[in-house]
Amino acid sequence: MIELDTTDRALLRLLVEDATQTASALGRQLGLSQPAAWRRIRRLQEAGVLKSQRLDLNAEALGFGVTVFLGVKLATKGRVSIADFERAVSAIPEVQTVEHILGLYDYRLRVVARDISDFERVLRRRIMMLPGVGDVEANVLLSEERRPGPSG
Amino acid sequence: MLDDTDRRLLRQYQHGPDAALAELAEQAGLTPGTCARRLERLREAGIIRANRAVIDWRALGYEVEVSLRVTLEKSKPRAFDDFLLAARDVPEIVEIQTFLGRVDVRLSVIARDMAHYQAIYRSAILAFPNIADKEAKKNL
């Protein structure tokens, strides 16, 4: 496993803020030369610490004012095909993420909608029509913050 | 304010946030110049907040992620504020969400292993103020 020093941690924090910065811009902020910053980025990529990027979009500005997390339990009655459920749920455009979880519910879905009545349409016409869907619990997202984590 | 081209561009960009500008432009059917101008406009309008690196905590030895759902004692006026202040002090809590529903707060907690999670839970989380009820789920 890779060991991080203070500079690596600062570098990770900067990249979480904005992954599009050049090695020379990052180096300037950290007091490193461009090649030194670049080598550190390469090392973090090779160790798998930096693998992907995420576009942070303002859902509200895009017209999606409501985000709801749905806990979905599959019905135990009849043979439910997990593959059928997963395929169908992935095809719903308003469903942003699908997580398979252990606990009271089987899946956790992140659903966006324009407003509450739009959410009702998605829930009744799309979610409740999914093959094998059982109990559904809805929690409306009020706020969300991502923290820097133990590297901070 | 967004036209179909903006939406197409955002869809492509969201699908591959690490693509080079030329590649993104081609996928969206735009010239690199037009693509760059549209992205700049979307950033200025606050629609694109950022393009962030995602840290893979597993590669840093954090093998476990637990989703902790909490119900708060809401009769106290500062129940949320005090709870959130305490949660922000624990570095292993990587995400905090608040809800309207049966669940009030959801915390994503990362840990090196289950023993480490138990230690964080006992030494920090159990002492958070205003917890009425909680339930943990391990992400698969």
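The sequence lines fix the lettering, A, B, ..., with proteins before strands; numbering per chain opens at 1. Predicted, not measured: the structure shown is a model, and the values here were computed from it.
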*Partner chain B: residue of A:L14, A:L62, A:L50 with the largest heavy-atom pair count (under 4.5 Å)*: A:L62
*Using non-hydrogen atoms and a 4.5 Å limit, figure out which bit of A:E17 sits close to chain B: side chain, backbone, both or neither.*
both
*Under 4.0 Å between a Lys/Arg side-chain N and an Asp/Glu carboxylate O for B:R102 and B:D133?*
no
*Against chain A, label B:L84 side chain, backbone, both or neither, depending on which of its atoms sit under 4.5 Å from a heavy atom there.*
neither
*Sequence neighbours excluded, every pair satisfying salt bridge (Lys or Arg N to Asp or Glu O under 4.0 Å) that has a member inside residues 89-98 of chain B*: A:R146-B:E95, B:E95-B:R106
*Heavy-atom pair of closest approach, residues B:A59 and A:I2*: O-CG2, 3.8 Å
_With no hydrogens and no angle check, just 3.5 Å: does a side-chain donor-acceptor pair link B:D18 and A:Q53?_
no
_Considering all heavy atoms, the nearest B:E73-B:A79 contact_ = O-CB, 3.2 Å
*Would you mind checking which part of B:I47 comes under 4.5 Å of any heavy atom in chain A, side chain (CB onward), backbone (N, CA, C, O), both or neither?*
both
_cation_pi(A:R110, A:F69) dist<6.0 Å, angle<=45_ = no
*Of the listed residues (B:A45, B:G61, B:A87, B:A50), which shares the most heavy-atom pairs with chain A below a 4.5 Å separation?*
B:A50
*asked:* If I measure from the heavy atoms of chain A, does B:R7 come under 4.5 Å with its side chain, its backbone, both, or neither?
replied: side chain
_Which of B:L2, B:D56, B:L10 touches chain A most, by non-hydrogen pairs under 4.5 Å_ = B:D56
